[in-house]
**Q** 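Handing you this structure, nothing more for now.
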Amino acid sequence: MKRPRSNLLARLRGDASVAVLTGAGISAESGLPTFRGAGGWWKNYRAEDLATPEAFQKNPRLVWEWYNHRRDLVRQHAPNPGHFALARLESFCKTFALITQNVDGYHQRAGSANVSELHGNIMKSRCSGCGHECEAGAENWKDGLPYCSCNALYRPGVVWFGEALSAAVLRDAFITAENCQVFFAIGTSSVVYPAAALPQLAHERGAYVVEINDEATPLTPRASEFLQGRAGEILPTLVKFIQ
Ligand code: BJW
Ligand code: ZN
């Protein structure tokens, strides 16, 4: 990795307040497929068939098969050096918030403390009738599908296209983006809203926006610094330079 610009290092060594937004790219090196791009889920499946409320209504079995498969992948794999470097970065910073679009829980497993999950968590299930949330298996199973005690189907505890994000989580994320001095956008294609609005807002409010991605995205022209490459290599190096 090219040495980051000294003004980034100076900002991080000082008491800059830091906000981080992560996407599927940070977990790619753990072995979890991303959504877009080569090897991404949407190369072989249509988002409309798997990640919308309409898809679940039409074919809950297909949607659950996909999420159960992804739960298995999350259990089989583990956080990588990129996740661990962010947990270390948090320990150096006075003010630090990590906002993730990922549902894998790897940031928490790597030791990050202040994590907001914009799109939920894949290990949780939520009743589509009464909203009851559970982490483990359901009370009742019928034909291989999990049901709540209220008799409605459980669904994965994630946010699908066309669904609102948690208002409280989103409000806090906007406040964080508005007030930070350094904003990192890491491993996200920056096309899914409202998450993609966060680095733009930080930029408008004068933050130093650093993008880490192995490819350019719609955010790149607006980033103060674009560190091109793998998050699992760039982040540990960056953290080493700060020390
Ligand atoms: C590496 C790397 C390495 C690889 N190192 N980098 C038209 C315009 C604007 C908006 C809309 C529109 N039409 C519809 C909308 C809204 C829609 C949206 O944004 N659509 C766009 C796609 C067009 N958004 C929504 O529907 C959201 N809700 C909403 O708007 O609600 C409004 C509302 C209000 C009130 C009532 C009702 C509604 C919800 C969005 C939910 C997204 N859900 C998913 C699935 C979550 C659950 C699950 O995991 O199954 O979230 S879709 C998927 O995309 C997932 C991700 O979190 C999200 C973002 O993807 P991400 O993380 O950026 O991954 P990739 O794969 O896209 O990119 C990976 C990147 O990493 C790439 O750039 C690589 O280069 C890079 N990379 N390896 C560094 N080693
Ligand atoms: Zn219920």
Side-chain angles (χ1 to χ4, degrees), residues 1 21-43 45-56 63-64 66-71 73-74 80-83 85 99-105 117-134 138-140 146-167 169-170 184-199 211-220 226-236:
M1 172 204 166
L21 172 70
T22 61
I26 196 167
S27 294
E29 287 159 80
S30 291
L32 304 182
T34 60
F35 294 92
R36 296 159 191 85
W41 290 113
W42 304 153
K43 276 273 171 242
Y45 302 91
R46 279 159 29 103
E48 299 83 349
D49 294 338
L50 295 171
T52 64
E54 294 76 23
F56 186 70
V63 173
W64 264 121
W66 184 54
Y67 278 94
N68 284 332
H69 172 59
R70 287 178 55 207
R71 281 179 173 182
L73 291 178
V74 168
N80 67 60
H83 298 102
I99 302 160
T100 187
Q101 298 168 84
N102 299 345
V103 297
D104 54 38
E117 296 178 316
L118 284 181
H119 295 160
N121 190 297
I122 198 166
M123 292 305 176
K124 291 192 177 142
S125 302
R126 188 170 67 248
C127 172
S128 54
C130 71
H132 175 257
E133 269 199 23
C134 70
E139 291 87 349
N140 322 308
Y147 285 84
C148 177
S149 50
C150 82
N151 281 329
L153 254 180
Y154 272 116
R155 53 161 286 175
V158 300
V159 181
W160 286 323
F161 283 117
E163 292 187 313
L165 283 65
S166 149
V169 170
L170 188 60
F184 284 95
I186 304 169
T188 175
S189 55
S190 290
V191 297
V192 174
Y193 284 81
L198 296 168
E211 182 179 36
I212 300 177
N213 199 304
D214 55 8
E215 282 172 18
T217 74
L219 173 68
T220 312
F226 175 45
L227 301 174
Q228 187 164 16
R230 297 170 140 227
E233 291 164 12
I234 291 177
L235 285 167

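Both ligands and their constituent atoms are indexed starting at 1 by order of listing.
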**Q** Determine whether any protein heavy atom is located less than 4.0 Å from atom 3 (C) of ligand 1.
**A**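 Protein heavy atom within 4.0 Å of atom 3 (C) of ligand 1: present.
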
**Q** For ligand 1, is G162 a contact, meaning one of its heavy atoms is under 4.0 Å away?
**A**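 It does; at least one heavy atom falls under 4.0 Å.
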
**Q** Within the structure, is a non-hydrogen atom of G229 found at a distance of less than 4.0 Å from ligand 1?
**A**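 G229 counts as a contact of ligand 1 under the 4.0 Å cut-off.
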
**Q** Give yes or no for whether the N/O distance cutoff of 3.5 Å, strictly under, is met between F35 and ligand 1.
**A**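 Between F35 and ligand 1 (N or O atoms, distance only) the closest approach is under 3.5 Å.
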
**Q** Heavy-atom distances under 4.0 Å are what count here, so tell me which part of Y67 touches ligand 1: side chain, backbone, both or neither.
**A**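 The side chain, only.
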
**Q** Using a 4.0 Å heavy-atom threshold (strictly under), name the region of E29 that reaches ligand 1: side chain, backbone, both or neither.
**A**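 The part of E29 near ligand 1 is the side chain, not the backbone.
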
**Q** May I ask you to check whether W160 has an N/O atom sitting below 3.5 Å from an N/O atom of ligand 1?
**A**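 No, there is no polar N/O contact under 3.5 Å.
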
**Q** Excluding sequence neighbours, so at least two apart, what forms side-chain contact (heavy atoms from CB on, under 4.5 Å) with P81?
**A**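 By the side-chain contact (heavy atoms from CB on, under 4.5 Å) rule, P81 matches P236.
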
**Q** Can you tell which part of I186 has a heavy atom less than 4.0 Å from ligand 1: side chain, backbone, both or neither?
**A**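 Answer for I186: neither.
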
**Q** Name the closest protein heavy atom to atom 31 (O) of ligand 1, giving the residue it belongs to and the distance to 0.1 Å.
**A**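 Looking at atom 31 (O) of ligand 1, the protein heavy atom closest to it is E163 O, 3.1 Å.
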
**Q** Has S128 got a side-chain atom pairing as donor or acceptor with L153's backbone, closer than 3.5 angstrom?
**A**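 Checked: pair present.
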
**Q** Quick one: does N213's side chain have a donor or acceptor within less than 3.5 Å of a partner on S189's backbone?
**A**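 Between the backbone of S189 and the side chain of N213 there is no qualifying donor-acceptor contact (under 3.5 Å).
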
**Q** Test of understanding: with side-chain contact (heavy atoms from CB on, under 4.5 Å), list the residues that count as partners of V74, not counting sequence neighbours.
**A**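 Scan of V74 (side-chain contact (heavy atoms from CB on, under 4.5 Å), adjacent residues dropped) gives L32, D104, Y106, I122, M123.
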
**Q** Looking at atom 47 (C) of ligand 1, is any protein heavy atom nearer than 4.0 Å to it?
**A**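 It does: a protein heavy atom is found less than 4.0 Å away from atom 47 (C) of ligand 1.
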
**Q** Examine distances only and state if a side-chain atom of S27 and a backbone atom of S30 form a donor-acceptor pair shorter than 3.5 Å.
**A**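 Answer holds: no.
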
**Q** Quick one: does ligand 1 sit under 4.0 Å from the side chain of T34, the backbone, both or neither, non-hydrogen atoms only?
**A**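 The answer is both.
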
**Q** Tell me whether N121 contacts the main-chain N or O of V158 through its side chain, where contact means a donor paired with an acceptor under 3.5 Å.
**A**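 Between the backbone of V158 and the side chain of N121 there is no qualifying donor-acceptor contact (under 3.5 Å).
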
**Q** Would you please classify the geometry between the F56 ring and the W64 ring as parallel, tilted or perpendicular, with 30° and 60° separating the classes?
**A**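 It falls in the perpendicular class, over 60°.
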
**Q** Which residues pass the salt bridge (charged side-chain N to carboxylate O under 4.0 Å, His left out) test with R71, sequence neighbours left out?
**A**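 For R71, no residue satisfies salt bridge (charged side-chain N to carboxylate O under 4.0 Å, His left out) once neighbours in sequence are set aside.
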
**Q** I'd like to check L165 versus H119 (side-chain heavy atoms, cut-off strictly below 4.5 Å). Are they in contact?
**A**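 A side-chain contact exists here, since the closest heavy-atom pair is under 4.5 Å.
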
**Q** Can you list the atoms of ligand 1 that are under 4.0 Å from a heavy atom of Q101?
**A**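 Near Q101, the atoms of ligand 1 are 57 (O), 59 (C).
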
**Q** Which one holds for A164 and ligand 1: side chain close, backbone close, both close, or neither close, with close meaning a heavy atom under 4.0 Å?
**A**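 Both parts.
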
**Q** Could you give the distance from CG (L73) to CG (N68), rounded to the nearest 0.5 Å?
**A**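 Going from the CG atom of L73 to the CG atom of N68 covers 11.0 Å.
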
**Q** Please verify whether a non-hydrogen atom of W41 lies at under 4.0 Å from ligand 1.
**A**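 Not so, W41 does not reach ligand 1.
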
**Q** Do side-chain atoms of D214 reach the backbone of R230 as a donor and acceptor pair under 3.5 angstrom?
**A**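 Looks like no, no N/O pair under 3.5 Å.
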
**Q** Can you tell which part of V158 has a heavy atom less than 4.0 Å from ligand 1: side chain, backbone, both or neither?
**A**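 Side chain only.
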
**Q** Is W66 reaching over with its side chain to a backbone N or O of D49, donor-acceptor style, under 3.5 angstrom?
**A**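 No, the answer is negative, given that no donor and acceptor are paired below the 3.5 Å cut-off.
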
**Q** Does any N or O in the side chain of T220 come within less than 3.5 Å of the main-chain N or O of T217, such that one atom is a donor and the other an acceptor?
**A**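 Yes.
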
**Q** Provide, to 0.1 Å, the distance between atom 21 (C) of ligand 1 and the closest protein heavy atom, together with that atom's residue and name.
**A**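 Residue, atom and distance for the closest contact: V191 O, 3.5 Å.
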
**Q** Once you restrict to heavy atoms under 4.0 Å, what part of R70 touches ligand 1? Side chain, backbone, both or neither.
**A**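 Contact part for R70 vs ligand 1: side chain (C-beta onward).
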
**Q** List-wise, which protein N, O or S atoms are found short of 2.8 Å from the Zn ion (ligand 2)?
**A**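 N, O, S partners closer than 2.8 Å: C127 SG, C130 SG, C148 SG, C150 SG.
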
